[in-house]
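Remarks on the structure that follows.
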Protein chains: 2
Amino acid sequence: MGDGVGTGLDLPLDKVLVGDCIALMRQLPPASVHAIFADPPYNLQLKGDLRRPDDSLVDGVDEAWDRFDDLAAYDAFTHEWLTEARRVLRKDGTIWVIGSYHNIFRLGTALQDLGFWVLNDVIWRKANPMPNFRGRRFTNAHETLIWAARGAESRYRFNYAAMKSLNEEVQMRSDWFIPLCTGAERLRDETGAKLHPTQKPEALLHRVILSCTQPGEVVLDPFLGTGTTAAVARRLGRRYIGLERDPAYAAAAEARIDSVEPLSESAALVTAGKREQKRIPFGHLVERGLVPAGTVLVDRGRRWQAVVAADGSIRCGRAQGSIHQVGALVQEAPSCNGWAFWHVEQPGGRLRVLDEFRVALQGEG
Amino acid sequence: MGDGVGTGLDLPLDKVLVGDCIALMRQLPPASVHAIFADPPYNLQLKGDLRRPDDSLVDGVDEAWDRFDDLAAYDAFTHEWLTEARRVLRKDGTIWVIGSYHNIFRLGTALQDLGFWVLNDVIWRKANPMPNFRGRRFTNAHETLIWAARGAESRYRFNYAAMKSLNEEVQMRSDWFIPLCTGAERLRDETGAKLHPTQKPEALLHRVILSCTQPGEVVLDPFLGTGTTAAVARRLGRRYIGLERDPAYAAAAEARIDSVEPLSESAALVTAGKREQKRIPFGHLVERGLVPAGTVLVDRGRRWQAVVAADGSIRCGRAQGSIHQVGALVQEAPSCNGWAFWHVEQPGGRLRVLDEFRVALQGEG
DNA sequence: AGGACCGTTGAATCGTACG
DNA sequence: ACGTACGATTCAACGGTCC
């Protein structure tokens with residue numbers, strides 16, 4: 001175990017250690033790991049239960065490890081584990097933490113207060129998030145990762161070319177579109193229940209680990225859970241150290257990791273990038289002023305007209321709805337493609353079909 | 001100026017006030033604005049002299065300020081203006097703040113510490129971000145907004161239906177794809193130089209203001225800059241209060257706001273959700289003969305049927321009660337929306353859902 | 001075989017008006 | 001203030017079944 005950096009302490013490489021991550025990190029030599037990925041408890045503070053419109057119950061996070069007395073207790077915990085993480089991190093290593101609005105501001109503040117140097121915040125845009133069932137907020141469709149160097153002067157690693165190649169030869173942006181961990185990838189027990197409430201998708205860890213480490217380097221995960229970080233690290237030819245308090249999670253992680261076949265180095269560079277589909281809501285044209293609120297729309301024969309409202313709905317007499325709904329309504333047709341039906345009168349009397357305004361936005365990501 | 005809430009202080013509506021936003025907010029009556037949008041400056045120089053966001057030099061010129069002091073000064077400033085903002089915000093009002101990874105964690109932590117209740121963090125995904133020229137990080141392609149209520153118990157406003165309409169009848173997510181402010185929208189001086197370094201796009205403010213206010217309500221921007229918030233508020237038929245310390249920015253903002261034409265009432269009128277519509281008791285439909293007593297109701301699958309009584313209750317076997325109670329009972333569900341559950345058989349065998357009968361009374365006073 | 005259809009599910013801080 | 005009853009509210013992916 002070569003990486004002991006002259007401390008006399010050996011690194012427990014490619015192992016899952018069961019116990020409290022703070023105590024376990026204290027036993028690791030300083031400046032010994034190249035990268036850290038940490039998915040700490042989010043402190044969600046859920047109250048009652050939540051039902052879908054069909055009355056089925058949402059299986060939320062209700063584990064003891066996610067409960068803290070208050071924000072101060074959460075902050076104290078955060079400072080403590082981040083302090084050990086910083087000690088264990090090599091001088092030029094980097095750390096990733098992930099969270100939601102419940103905890104990410106506490107994490108970011110703690111990182112900065114401890115001297116870490118934020119390099120990016122990265123948005124995991126979920127392809128298939130849970131909707132907001134009550135219609136009281138925006139769909140919570142992302143989580144935030146913070147990527148930080150040990151300090152402002154760190155000469156950290158960033159595999160720029162690998163990230164660019166992952167992204168069809170344009171620079172990798174700070175917003176990543178990746179599906180949830182579902183289907184066959186999701187670990188389940190015999191009854192079909194999920195083994196861990198918050199298992200992260202391997203695609204996310206693939207990108208994280210590939211971005212900031214080289215093969216053979218050491219990735220530490222202080223909150224290993226069911227082992228996504230370690231499994232991906234192993235597949236990508238990295239070494240790992242996984243810390244996990246719950247023996248059941250740790251056991252599941254070990255079994256999972258054992259089943260992983262390390263990739264050859266060339267194969268490690270390939271990723272199954274899910275391409276994002278393009279759909280442009282009419283409302284976006286309104287916001288952007290391309291078809292401003294107040295615009296009068298007419299059909300090709302100028303038989304009907306409608307006024308565009310600020311929310312992208314249109315109104316024709318008492319009827320209000322989407323361009324498609326109102327188009328169908330006035331024609332008494334079962335359906336209507338509003339993009340082709342409605343036109344904007346141009347100076348000079350020419351009509352321009354809505355679809356032409358949409359193509360102006362087609363090029364955008 | 002009606003909204004003074006009995007304080008004797010008047011609200012300076014539709015004005016740009018020049019001065020320090022903290023001092024100016026102290027002169028506003030408490031609980032007086034419906035929404036706040038804040039784009040606080042992040043001018044702290046991390047190398048060399050330490051300056052406050054208002055450009056004043058922090059005392060102790062000869063002192064070696066380290067990173068901690070930088071952050072502490074920023075935190076103190078943040079707490080101070082957010083404290084005043086919270087005082088000025090109505091009980092059920094909401095606040096938006098925007099920032100990047102340099103300051104958003106400080107903002108979020110301060111919001112939580114002051115008792116604000118985070119509703120969403122929202123990602124502004126930039127369509128055309130500046131590339132990372134050095135190739136040392138991910139392209140910083142987004143900024144983060146935090147949307148928060150004044151407190152955990154606030155009954156805040158969220159125009160769910162309008163947001164859904166803006167997004168082609170799919171729930172609005174927490175990641176928004178909007179271009180930078182460029183082209184004709186970008187304010188420039190005679191030489192073509194940008195008037196303000198971080199002018200926000202109007203499309204962003206359009207969505208923000210539309211999501212959480214009604215026409216006629218008051219939007220406060222403590223860091224108005226060149227007036228995007230006020231201009232969009234005016235266009236959407238909202239009132240505004242803009243605070244700006246730089247007289248040049250304030251002057252540019254005023255000129256810009258003056259040139260804005262408010263939308264017509266019909267264009268500003270946004271899709272109303274069912275929650276906004278008047279509540280109509282089922283009994284009224286019975287009284288009015290729209291669904292006469294004796295009518296047989298069935299569910300969509302014709303599994304259950306019930307008979308309408310003269311008092312608007314319905315009976316299904318031995319069960320009698322409201323359309324909701326009986327619907328829940330027969331399904332053995334915890335609750336039921338009777339308007340959507342029960343149907344009336346039409347001549348020809350078609351089923352018509354109760355909700356459709358309600359529409360006839362919707363327009364009446 | 002393959003397309004249509006249906007059931008399940010995911011880190012969730014998910015009411016409000018009226019008496 | 002507090003209790004009660006009304007009644008509003010979901011998207012995409014995946015896997016299994018049926019025809």
Side-chain angles (χ1 to χ4, degrees), chain A residues 39-63 65-68 71 98-104 124 126-144 179-186 188 192-194 196-201 225 274 276-277 279, chain B residues 92 112 116-121 148-149 151-156 158 160-161 164 167-174 273-283 312 321-325 327-328 333-342 354-355 358:
Chain A
D39 181 14
Y42 284 13
N43 189 25
L44 283 186
Q45 308 172 58
L46 304 179
K47 303 216 170 80
D49 30 284
L50 177 64
R51 287 174 179 277
R52 299 187 178 83
D54 66 3
D55 275 330
S56 62
L57 196 61
V58 172
D59 181 17
V61 178
D62 187 28
E63 338 292 275
W65 49 254
D66 198 49
R67 287 194 286 269
F68 292 82
L71 285 176
I98 183 169
S100 63
Y101 65 82
H102 310 85
N103 68 328
I104 196 67
W124 169 26
K126 299 180 182 182
N128 46 345
M130 185 155 72
N132 186 291
F133 296 117
R134 306 301 295 267
R136 297 295 299 138
R137 303 180 177 195
F138 299 98
T139 306
N140 193 1
H142 74 274
E143 293 187 25
T144 301
L180 295 177
C181 177
T182 60
E185 189 185 320
R186 191 85 194 215
R188 297 180 186 280
K194 53 192 176 195
H196 192 283
T198 70
Q199 187 182 338
K200 296 291 173 288
K274 209 153 191 171
E276 187 182 350
Q277 73 293 1
R279 185 181 58 88
Chain B
D92 295 336
Q112 292 177 318
F116 288 101
W117 192 247
V118 177
L119 299 169
N120 280 112
D121 57 338
E153 308 304 321
S154 299
R155 285 150 58 144
Y156 59 90
F158 177 53
Y160 176 76
K164 197 171 172 179
N167 199 39
E168 203 103 307
E169 295 306 322
V170 178
Q171 283 192 345
M172 187 71 81
R173 296 170 39 120
S174 55
K274 285 195 169 160
R275 286 191 186 91
E276 277 82 55
Q277 289 167 18
K278 198 165 62 84
R279 221 146 114 169
I280 294 169
F282 176 63
S322 72
I323 52 174
H324 316 295
Q325 289 166 341
S335 70
C336 169
N337 179 352
W339 293 107
F341 181 71
W342 295 109
L354 277 192
D355 207 29
R358 186 165 51 158

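Convention: sequence-line order gives letters A, B, ...; per-chain numbering from 1.
- In this structure, the nucleotide among D/dC11, C/dA11, C/dA17 sitting nearest to the side chain of B/Arg155 is C/dA17.
- A/Asp54 has its CG atom 11 Å from the P atom of C/dT9, to the nearest Å.
- The listed nucleotides are D/dT10, D/dG7, C/dA11; the one nearest the side chain of A/Phe133 is D/dT10.
- The side chain of B/Ser335 lies closest to D/dG7, out of C/dC14, D/dG7, C/dT9.
- For A/Lys194 and C/dG10, the shortest distance from a side-chain N or O to OP1 or OP2 is below 4.0 Å.
- For the atom pair B/Asn167 CG and A/Phe138 CZ, the distance stands at 10.5 Å (nearest 0.5 Å).
- Contact annotation: side chain of A/Arg52 to base of C/dG10, donor-acceptor pair present below 3.5 Å.
- Between A/Arg52 and A/Ser56, the side chains place a donor N or O and an acceptor N or O closer than 3.5 Å (distance only, hydrogens not considered).
- Comparing A/Thr198 and A/Asn132 along DNA chain C, the residue whose closest nucleotide (by nearest heavy atom) sits nearer the 5' end is A/Thr198.
- The residue A/Arg134 sits close to a base: some heavy atom pair falls under 4.0 Å.
- Residues B/His324 and B/Asn337 have side chains in contact (heavy-atom distance under 4.5 Å, counting atoms from C-beta outward).
- Where A/Met130 and A/Ala184 each meet DNA chain D at their nearest nucleotide, the meeting point lying more 5' is that of A/Met130.
- Using a 4.0 Å heavy-atom cutoff across all strands shown, A/Gly48 reaches at least one base atom of the nucleic acid.
- Distances were taken from every side-chain heavy atom of B/Lys164 (C-beta onward) to each of D/dT10, C/dT9, C/dA11; the shortest belongs to D/dT10.
- Across all strands, B/Arg173 comes closer than 4.0 Å to no nucleic acid atom at all (heavy-atom distances).
- Taking atom CZ of residue B/Phe158 and atom P of nucleotide D/dA8, one finds them 17 Å apart after rounding to whole Å.
- For B/Ser322, the side-chain atoms get nearest to D/dC6 when compared with the rest of D/dC11, D/dT9, D/dC6.
- With hydrogens and angles ignored, no donor-acceptor pair under 3.5 angstrom links the side chain of A/Lys47 to the base of C/dA12.
- One finds no side-chain N or O of A/Lys126 lying less than 4.0 angstrom from the OP1 or OP2 phosphate oxygen of D/dC11.
- Distance CD (B/Gln277) to C1' (D/dA8): 12 Å, rounded to an integer number of Å.
- The nearest whole Å value for the distance from the CD atom in A/Glu185 to the P atom in D/dC14 is 10 Å.
- A donor-acceptor pair shorter than 3.5 Å cannot be found between the side chains of A/Ser100 and A/Glu143.
- Within the 4.0 angstrom heavy-atom criterion, base atoms lie near A/Val61.
- For B/Arg279 and D/dG7, the shortest distance from a side-chain N or O to OP1 or OP2 is below 4.0 Å.
- Considering only side-chain N and O atoms, B/Tyr160 lies nowhere under 4.0 angstrom from the phosphate OP1 or OP2 of C/dG15.
- Residue contacts for B/Gln171: at a heavy-atom cut-off of 4.0 Å it reaches the sugar-phosphate backbone alone, with no base atom in range.
- Both A/Gln199 and A/Gly135 lie near DNA chain C, and the one whose nearest nucleotide falls closer to the 5' end is A/Gln199.
- With D/dG7, D/dA13, C/dA11 as the candidates, the nucleotide lying closest to the side chain of B/His324 is D/dG7.
- Residue B/Gln325 places none of its side-chain N or O atoms closer than 4.0 Å to OP1 or OP2 of D/dA5.
- Distances shown here put every side-chain N or O of A/Asn128 at or beyond 4.0 Å from the OP1 or OP2 atom of C/dG10.
- Using cut-offs of 30° and 60° for the angle between ring planes, the A/Trp65 and A/His196 rings count as parallel.
- Rounded to a whole Å, the CZ atom of A/Arg51 is 14 Å from the P atom of C/dT9.
- Of the candidate nucleotides C/dG10, C/dA12, D/dT10, C/dG10 has the atom lying nearest to any side-chain atom of A/Arg188.
- Between C/dC18 and D/dA8, the two P atoms lie 14 Å apart (nearest whole Å).
- When heavy atoms are screened at a 4.0 angstrom cut-off, A/Pro40 is found touching base atoms of the nucleic acid.
- Using a 4.0 Å heavy-atom cutoff across all strands shown, A/Cys181 reaches no nucleic acid atom at all.
- For D/dA8, one of the phosphate oxygens OP1 or OP2 lies less than 4.0 angstrom from a side-chain nitrogen or oxygen of B/Arg358.
- If you look at A/His102 and B/Trp117, their ring centroids are not closer than 6.0 Å.
- At least one cation-pi condition fails for A/Arg134 and B/Tyr160: the charged atom is not both under 6.0 angstrom from the six-membered ring centre and inside a 45 degree cone around its axis.
- Within 4.0 Å of B/Pro281, counting heavy atoms only, lies no atom of the nucleic acid at all.
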